[in-house]
Amino acid sequence: MDFSAVSSALKTIGELTQEVTSLWGVDEQVEGLASELRWMQSFLKVADARKVDNELIRTSVVEIRELAYDAEDVIETFSLKVASKRKGGFSNCIKRSSCFLKEGCLLHRIKSEIEKITVRIKELTRQLKTYDVSKFGVDGEGPSSSTERRVSRRSYPHVMDDNIVGLGKDIKQLVPVLLDEQSECRVVSICGMGGLGKTTLAKKIYHESQVVERKVWEDILSDLNILTEADKMMKVEKLAEKLSSFLEKNKCLVILDDIWNPVDWDSLKPVFSARETKSKILLTSRNKEIISHADKNGFLYQLQCLNDEQSWELFQKIAIPPTNSPGYKIEAKMKELGEDMVKHCAGLPLAIIILGGILATKYPSLTEWLNVSVNVKSYFKNDKGQVLKDVLLLSYDDLPPYLRPCFLYLSQFPEDYEIPVDRLIQLWIAEGILAKRCMIQVRERYVATLKMTSFQMHDLMRGVCLSKAKQEKFFDIADQSNARQLSRIGRVRRVSVHKYFWIHYIKSPRLRSLLFFDKFLPVEEEDNVLPLAMVRYFDNHKEELFNPWVWFAAVLVCSVLVTKLRGIWKYMFNNFNFLRVLDYERGGYAGCKLPNDIGKLIHLRFLRLRGLEFDSLKLPSSLGNLRCLQTLDLRIINGLCSESVHVPNLLWRMQQLRHLYLPQQCSSKTKLKLGTLKNLQTLVNFNTKNCYVKDLINMTNLRELEIRGSFNIEDFNTEELDKNPPIIQSKYLHSLSIINDEGRIDPRHLAHLLLSCENISKLRLDVEIRRLPEYHYLSSNLAYIKLRRCKLEEDPMPTLEKLLYLRMLELHEEAFIVKEMFCCGQAFAKLESLSLKGLNNLEEWKVGEEAMASLQRLEIQKCRQLKKLPDGLRFIATLQELKIDSMPKTFKDKVEEGGEDFWKGRHVPSIIFHDCE
């Protein structure tokens, strides 16, 4: 059930009602609306708790979500247009009195809309009360689809599958843990996604000869157990006591299959309350939090997907019938097809089994395998793939209600699209799908571990996500194929445009989200917009510069194009006044300038204009009306020249702003005051020519700062550096980037800035500094450093090696200009990745025997003066990949087998050469 819409509406009402005086005129209506929404929220919770899943409930949930959205829109409109103007002193009262009639009309309209929504909610409430929710999923219409899916996955300990691959290593790791009687660990958990083989692994351990003789297999979903009929009649307390006593006296392995959440464990916990026992519990679950809940000393084992070799082995067992012919080999073309199809299964055993089962019926027909290969994705969508779909849907069913819309949101992105984590979180928050604090905590955890900046959805998971989103009417995908159909839908909340789409087909005035994944107007679509005869004439005569007809054709074509583009903007700004998200992914030419009408979109939370091309780069002053903005990306460009962008000094009004991306180059007239933006977390393209450095002090929530261009501190005390006030006051800042294509940065200013950034974990310097700041200016938490074009006149390694937590180091394009680089002693103990690119002066690199003991990946690119690999490379046993790119052939020959440096890297599993000829 989607609680997010109702929760967001209630939150908006709650924020408004905190200011009692601003509610004058609509207080009764707002209170009644909140009361009805709370009842709806309770209804959703009851339905979700009972796992109710039928057409009536699904339809009701969609209707509840629409009502909640309407309620939130009208309440927020009141807040922005009426309540906000009731604040202030005498001057504000004078302004209000001059437009008293206008405010009265608006108040009347809002009051009427609230009453209409309340009537609609009451009517839906009446209908729902006619159908008692308690009847569904319990005794009335049978089990829900979620329950049926779980029952279909019931497991039995005596039933073993012969087609098992890749579990030997897992068994070797788990059995000793279960046999260790001295350990305080009583609970062992096998965790992983559905279809990964958790139950199969538990069965294999169950049948292991080393495991204790007495075993109990308990499937909490199947009611299958070892109890007698008399036991089943006992009271729960007596039964728990009997089983607990049995486990205390006997040494047993108890296997609990498919534990879904801590509540399930809590219901079984009394049985395992015995303290003095040698019994062990092995449980399988998709939820890795179970183990810490069940046993603080518990052992968590995360089951992994099969690798390519194991996947192919399992596939062969199922798809290719066994043969008695010695030395039999599968036909090469068929093997190639099979290996390609297996890749679609992403190492998931259940998916491989389903695919293998389909192909087994078609073996050995190469033609039929070819047909399946062409349509492999559709095979997972039809009835034969229903088992896999049901397994993946179980994971969706098990998500907490507040996370389900987050999952459904992923279906809006195109197939194989690489989804940026930062932008996804910003979109979730902008739509009110998830709370800000929760997402910030998740983001900071990833930053700390330098993991997952983006991800892709597997085809199988995306298919499930799309089908569920369609079932719940979560959003609509728009392209030319369904344009007419979409125009007939009067109530669309989210539209994702994968291919160019004539926006006038969208007729829903309550649209909340528009995501564009194609150019504003692709070149191939211009022919449909422009007068064909004029375009042909211009193309045929464009070299005749002095022909007036050519100029006339060019002007006409341009004016028609600009008029069409202006029409797109005008339609959007005048018809979609409740938009919260407007995101342009691929840019493109968008007309003369950004229209002033953008100021009508007062509900906007997320506005991304990155890459859009305009003839005039003067942004409209109406941007200041967008007070609700949380994310603003102003990185627009001029396609014809490198003209700078003028940003009006109005951003200070957007006090809810959290992520601000300024243009790469602002005009000299731009001077922005940003000191009021205390909630700002991301600030990109800041510089002291167009902004004030003192404003950074007020940004106490800043997490990422990118400085592009000049950075000078006014009234800086060069004699006594410690007397200068700190530049950054935010204790949350974790990432700092400094980029300057034009000149140097004063090393004293840089040192003072770094001294203020004591908690950063990521540092990127792309600016000439000549000398690296001393170690004590650098944060001890640094895990990632990139130096580019710094032109350091000394080897930076003696300074960088003192950073104990450094894990990734990139030295690119004249990061330093010295000829030698040394890594001595036990330096860089935690460094995992090192990249050397474009170090044109580097001739010799020395590595000590104990240096870089954790290095896993090394890349050397365009370091053309480097004579050889360092001798100490042979001591780095952890090195997994060595990539040599765009290096001289003589260097490559030394590293290859038979070369004089081959012995230094022969232990590296993967050595990659690229463009070394």
Side-chain angles (χ1 to χ4, degrees), residues 155-161 164-192 196-228 231 234 236-304:
S155 55
Y156 301 93
H158 66 281
V159 180
M160 283 297 296
D161 191 345
I164 296 174
V165 168
L167 295 181
K169 181 188 73 172
D170 306 298
I171 293 169
K172 285 181 181 178
Q173 291 190 48
L174 285 170
V175 168
V177 177
L178 293 168
L179 294 178
D180 186 0
E181 296 182 11
Q182 305 303 317
S183 170
E184 293 184 4
C185 168
R186 290 189 56 204
V187 182
V188 176
S189 175
I190 304 171
C191 287
L196 202 53
K198 301 183 295 295
T199 301
T200 303
L201 176 57
K203 286 181 182 179
K204 288 288 287 182
I205 292 172
Y206 180 85
H207 288 283
E208 268 292 308
S209 57
Q210 302 174 59
V211 178
V212 289
E213 294 180 2
R214 278 194 175 274
K215 308 164 203 169
V216 180
W217 179 286
E218 172 67 22
D219 184 338
I220 66 168
L221 302 177
S222 66
D223 295 326
L224 177 67
N225 50 46
I226 59 169
L227 306 176
T228 65
D231 288 332
M234 281 181 164
V236 175
E237 293 82 358
K238 291 286 186 181
L239 187 57
E241 186 180 338
K242 180 179 178 180
L243 286 172
S244 178
S245 175
F246 175 82
L247 293 175
E248 189 171 5
K249 294 174 183 176
N250 299 277
K251 185 167 67 174
C252 302
L253 171 63
V254 182
I255 299 180
L256 304 175
D257 188 34
D258 224 9
I259 300 285
W260 280 79
N261 53 59
V263 176
D264 291 334
W265 169 259
D266 288 340
S267 66
L268 295 167
K269 188 164 60 175
V271 177
F272 310 112
S273 59
R275 294 182 180 179
E276 300 298 327
T277 179
K278 294 183 179 180
S279 294
K280 298 273 186 176
I281 301 165
L282 176 64
L283 60 85
T284 68
S285 178
R286 303 181 189 205
N287 185 350
K288 58 185 178 183
E289 294 177 4
I290 294 287
I291 186 66
S292 58
H293 185 77
D295 182 3
K296 65 179 181 180
N297 299 313
F299 182 83
L300 173 66
Y301 189 79
Q302 192 81 36
L303 192 59
Q304 303 298 318

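Predicted model only: the values in this text are computed from it and were never measured. Atom set for the values below is all heavy atoms of this structure, side chains included, hydrogens, waters and symmetry mates excluded.
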field: Heavy-atom pair with the smallest gap, counting every atom of Asp258 and Thr284
entry: N-OG1, 2.7 Å

task: Starting at CG of Asp257, measure out to CG of Leu282 and round the result to the nearest 0.5 Å.
output: 9.0 Å

Nearest-0.5 Å distance, SG of residue Cys185 to CG of residue Leu178: 8.0 Å

- prompt: Atom CD1 of Ile205 and atom CG of Leu253: how far apart are they, to the nearest 0.5 Å?
  reply: 8.0 Å

task: Taking the side chain as every heavy atom from C-beta outward, state whether Ile259 and Leu268 have any pair of such atoms under 4.5 Å apart.
output: yes

- prompt: What is the minimum heavy-atom distance between Asp180 and Lys280, and which atoms define it?
  reply: O-NZ, 3.0 Å

- prompt: For Gly168, does its backbone N or O pair with a side-chain atom of Lys204 as donor and acceptor, under 3.5 Å?
  reply: no

message: Quick check on Gln302: does its CD atom have over 12 non-hydrogen neighbours (other residues, nucleotides or ligands) under 6.0 Å away?
response: yes

Separation of Leu174 CG from Leu179 CG (nearest 0.5 Å): 10.5 Å

task: Determine the minimum heavy-atom distance between Leu196 and Leu303, stating which atoms define it.
output: CD2-O, 3.1 Å

message: Check this for me: Gln173, atom CD, are more than 12 non-hydrogen atoms of other residues, nucleotides or ligands nearer than 6.0 Å?
response: yes

- line: dist Phe299:CZ -> Ser189:OG (nearest 0.5 Å) comes out at 10.0 Å

task: Decide yes or no for His293 and Asp266: does some side-chain heavy atom of the first lie under 4.5 Å from some side-chain heavy atom of the second?
output: yes

- request: Would you confirm whether Lys288, through its side chain, and Leu300, through its main-chain N or O, come within 3.5 Å as a donor-acceptor pair?
  value: no

statement: SG of Cys191 to CD1 of Ile290, rounded to nearest 0.5 Å, is 8.0 Å

